[in-house]
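Have a look at the structure below before the remarks.
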Amino acid sequence: MTFLRVLAMILTAFCAAAVSPAQADDAALRGIIAKFAETGNYSQTRAIVAELAASGDPAVAGVLNALADGDVHVRTSDNQVFITKDAGKITRVFDPLTGEALGEEPKNLFEKVKVNNSLRRAVRDALSSLTLGSADPAKRLQAARTMFASPDAASIEALDAAIGKERDAGVKAALEAARAASVLISDLPDDEKRGAVERLGARADRETLSLLKAFAERSKGDLKAAAERAVSSIESGLAFWAAAQNVWYGVSLGSVLLLAAIGLAITFGVMGVINMAHGEMVMIGAYTTFLVQEVIRGTAPWLFDWSLAIALPLAFLAAGAVGLAIERGIIRFLYGRPLETLLATWGVSLVLQQTVRTIFGPTNREVGNPSWMSGSFQLGELAITWNRLWIVVFALAVFAALLYIFNRTAWGLQMRAVTANRRMAASMGIRTPWVDAFTFALGSGIAGIAGVALSQIDNVSPNLGQGYIIDSFMVVVFGGVGNLWGTLVGAFSLGILNKFLEPYAGAVLGKILVLVVIILFIQKRPRGLFALKGRAVEA
Amino acid sequence: MITRRLFAGGIDRRVLTVILLLLAAAVIVPVLHLAVPPSSPFHVPNYIVALTGKYLTYALLALALDLVWGFCGILSLGHGAFFALGGYAMGMYLMRQIGTRGVYGNPDLPDFMVFLNWKELPWYWYGFDQFWFAAIMIVLVPGALAFVFGWFAFRSRVTGVYLSIITQALTYALLLAFFRNDMGFGGNNGLTDFKDILGFNVQAPGTRAALFAASACALAFALAVTAFLTTSKFGKLMIAVRDAESRTRFIGWRPENVKLFAFVASAVMAGIAGALYVPQVGIINPGEFAPANSIEIVVWTAVGGRGTLVGPVIGALMVNGAKSWFTGVLPEFWLFALGGLFIAVTLFLPKGVVGAYDQWRRSRRDRAARKAGRPPAGEEPTPGTNDVQATPSSSVRSGPSSGGAEPQPAE
Amino acid sequence: MGRKDTILYLDGVSVSFDGFKAINNLSLVLAEGEMRAIIGPNGAGKTTMMDIITGKTRPDTGEVFFDGDIDLTRHDEADIAVMGIGRKFQKPTVFESHSVEDNLLLALAGPRRILPAIFHRSSSAEAERVEAILQTIRLTGRRYDPAADLSHGQKQWLEIGMLLAQDPKLLLVDEPVAGMTDAETEETARLLKDIARTHSVIVVEHDMHFVRELDVKVTCLHEGSVLSEGSLDHVAADERVIEVYLGR
């Protein structure tokens, strides 16, 4: 479980001063272990296990684990207890306390210490109460969770003790939950149980839910009512987290859509150029990332975590340069003929795809995640992966930067002026052809840096761009052409809509439904969500 | 003459020639294929019949697109969807004809349904064992989809690139849908392994020749119908809608109805093309819905010359001929060539091969006229021809609004 | 004047686009057979008013009646055109790739359904009507030329001819002389006065010389409502009109 690892790292950092458990000395432990040689039945064995657990020394974990696995054997010749590993005819022998290898001996010299299922459970409980005393908070948390999952009235005392000592808030909460779960199946007074129900009602996960449901069925009167209240509160809590999960997935998808569409919002939305090769600009960005990583792998592997930061400006320049070439070479001859532009840029997209296919081959290329983009963390009941989170942040940052360029810089002013009234702008000394060219290059460059981000979550292949072009157009058209905010809202609402439809309709049908919704929406509002109204619009 | 009486504006001589050529081919090619021994240099081999038959269905498809794009100004990027739907309707008929000869030998269920553990035939497969029913569906399904889609789109006045993009989304949505196994259309693999059509083996040379003849006749008939449509008052109306939609509305016509009629008629033609295509290639799968396929249709029409009737036919034959040649000789270069073709046609041949030829002929005539001391004729085609070219200025600039309108063409 | 006797009746009409009031409580009445000139600075709402009358824009509030009792707000452009309101756009809009004759044939009053259009045969009655209109708009000689080849002024006339072919009761003519030479302007004024003998007409125009030549009642719009109404001399003498035009 990766989230545990992450949590463990965080916890270790916070709890420098760990709780040090009482250490029994070696000889005493060996004495207890030796008793396994004399045990005649399961209950005797159980007593020995309890005794070992009571020692509180993590060192006994090895022998207990081995016991549960049926690997504790007694040498019949001298009644010594060992941990053994079967290796064909012979058996390998280990010290029961240190785990040190002691050599190989014939199998028939040993007799197994027998275990049954209830004994195994006892061993496991012993282990978890043992680890409650561990110096490592992660182990304590793990133990608390294990005990919560298999509550036992007998462990309440151990838990109380652990709660008293525990200083780590997260572990403490887990311990308290485990205690509450144990209380529910104990024969403690109702008051105590009511407290436990309340404590558990504050949690919102599936295990607690089934625990409380089972309890509600067993109990009567007040207690039953309280349990049922807690059940419904957990259920609504779970529904909330499920919705939150969908929203997060939707936001994540929305950020991908935003990245893919935002360059298009400039070239299509602002300039009115239908660039069907937009997806290929994204692809160029992704392949730039691949090349940068290849070079870094070959020459300076220690730079790998910086590969994306290096790739960003390069991808912007590469895609921007290609965009500039397309505008100067083709699109400028087709201004005012949107349908022809559409066809010519489709041709460009075919050529670009085939070029990349010829150079890099038709198969997927491996683009790695830097360390800070891999893994995930837990937020409530949400598992959030770092790469998705960074992409959301990145998409919003790109959007903000673009908004700034557009609304606050001289260049942005020129772009807006040329869009609003070309002739007037030209007569005021703005070089409209160059504004066109650089606006187009900007849109393409943005698509390029989108490609850097998308290379982290998608396959880098010559077809990468194809997958995004229709979605991008949908976002821009849905959001309203010529409006960056419309693109933002369009991207996120389509992303979230998609993810909310998915659980009911399945991924493919969900996507189809979204397309149908957009097609119907365009019928209703042909100019998108954020369109200007007025006489001039339709003239 | 009868044609004179039938066609108000007089049928173009060029269209008539092509129709006659097609009818001749419908007779001659099967004869050369079946009656002439393979050793003879005049023998037409099997693969040529199949290949050219396929091209003819493509030509029909391109003609269908030209009706809406060239004459009515609707650039549909989803015409492949109507083609594929017609093809699927035919494919369903052919699947039902397999009967017990499938791998699983199930008399009622096509193989893929047995494979997916389906117990009975879905209701929408009923009737497809009858050819007449399939024939109705070939026309009805694409027509109905076009009607519903067009009814919504044209009524709410979605035009220009917006319309193009949502037609693309339409075919994309269908692509995704037909990829699903539980749609009951064979999923990824589509419908294939056909055996019989109307009781004849689809692989047999005679059947192939008949399918070729059917394709040629269908194309000839479609040419005649479109020639009739485009020379009628309705045809003028289509061009009026293409050039100045709001003007037509303000003189009392309903452009949405004009477009809807053209769109449905075109979809039906595309459906028929698809139905003729499937038995000749022996398979129909969701790949036919791919947006890239639909855009390829556009380039056939553009290369030949949109707004002309013979242009799309010539374009489809030329581009597909080139494709077959390239994929045989230089497979890696085909996409470069196709991409280059898109760019070159829009930049240098906006009126296509046929339009460029007309222009060249006209300018030569004008030069000759000037030499003879007469004033040159007008730039535009003389009245009476039905080859009416789209003028680039037809995309009327909207008023002095800022963004938010139709994307502002940047002049 | 009661609503019944009017050809066009606008009362309390307002429309706003994103908060901007393009038309603000506008009231305007046109009698049957009347010709009216509408003037006003840019953004006064002249074109928006035309949009409302022809069904392109729906008013937020107010009544719009045609021919006494037809509520125009309930109909769309094509309906309204068939009912008898013809509109000429500010920018001449004709079917460029059609001949002059075809332009007129498409505009001729008659059934507006698809099937009749497909099987339509031209009749001698139609030919006569087209001939008459061609004479009225002085384009007889260019009958078979593509409309794209006409001069700017001729396109304006062709558009007016298309309106006539529709046989409307009311013509809305938006800036008919923009971009015309003086001679063409005078010709157009004569043409409109000709038309006004048998039709009701609203002319929107900036050219005061032309408006004076029309010699009809003038309405001056400003910020979406009527600023002044009366003879041209009366309106021109109005302090508020002068202020609006000269920006004092």
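Note that the structure is a prediction, hence the values are computed from the model and not measured. Each chain gets a letter, A, B and so on, in the order the sequences are listed, and its residues count up from 1.
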Run through L350(A), I326(A), T345(A), V348(A) and flag the one making a side chain to side chain contact (heavy atoms under 4.5 Å, CB included) with I343(B). V348(A)
Rounded distance (nearest 0.5 Å) linking atom CG of L339(A) with atom OG of S164(B): 5.0 Å
Side chain / backbone / both / neither for I295(B) at chain A, heavy atoms under 4.5 Å: side chain
Just wondering, more than 12 heavy atoms not from F152(B) lying within 6.0 Å of its CZ? no
Region of T432(A) that comes under 4.5 Å of a non-hydrogen atom in chain B: neither
Could you tell me the separation between the OG1 atom of T346(B) and the CD1 atom of I330(A), rounded to the nearest 0.5 Å? 7.5 Å
Side chain, backbone, both or neither: which part of A337(B) has a non-hydrogen atom closer than 4.5 Å to chain A? neither
Counting only heavy atoms not in F333(A), do more than 12 sit closer than 6.0 Å to its CZ atom? yes
Salt-bridge test for R306(B) and E340(A): reply yes if a basic N is under 4.0 Å from a carboxylate O, no otherwise. yes
Chain A contact via W334(B) - side chain, backbone, both or neither, heavy atoms under 4.5 Å: neither
Around atom CZ of R155(B), are there more than 12 heavy atoms from other residues, nucleotides or ligands closer than 6.0 Å? yes
Nearest 0.5 Å please: distance from the CZ atom of F473(A) over to the OH atom of Y162(B). 10.5 Å
Any side-chain to backbone donor/acceptor pair from Q354(A) onto F333(B)? Under 3.5 Å, distance only. no
Side chains of Q168(B) and M276(A): does their closest heavy-atom pair fall under 4.5 Å? yes
Smallest heavy-atom separation, I470(A) atom then P291(B) atom, equals CD1-CG, 3.8 Å
T358(A) side chain near F336(B) side chain, heavy-atom distance below 4.5 Å: yes
Checking heavy atoms, do the side chain of L343(A), its backbone, both or neither come under 4.5 Å from chain B? both
Does atom CH2 (W411(A)) have a neighbourhood of more than 12 heavy atoms from anything else shown, all under 6.0 Å? yes
Chain B contact via L509(A) - side chain, backbone, both or neither, heavy atoms under 4.5 Å: both
In the structure I gave you, are the side-chain heavy atoms of R337(A) and P350(B) within less than 4.5 Å of one another anywhere? yes
If one checks every heavy atom of L77(B) against chain A at 4.5 Å, the contacting part turns out to be side chain
Which atoms of L334(A) are under 4.5 Å from chain B, going by heavy atoms: the side chain, the backbone, both sets, or neither? side chain
Checking R416(A) against chain B: side chain, backbone, both or neither under 4.5 Å from a heavy atom? neither
Contact check, side chains of F268(A) and V161(B), non-hydrogen atoms, under 4.5 Å: yes
With a 4.5 angstrom heavy-atom cut-off, which part of M424(A) approaches chain B: side chain, backbone, both or neither? neither
Checked V345(B), L335(B), V298(B), L338(B) vs chain A; the most non-hydrogen pairs under 4.5 Å come from L335(B)
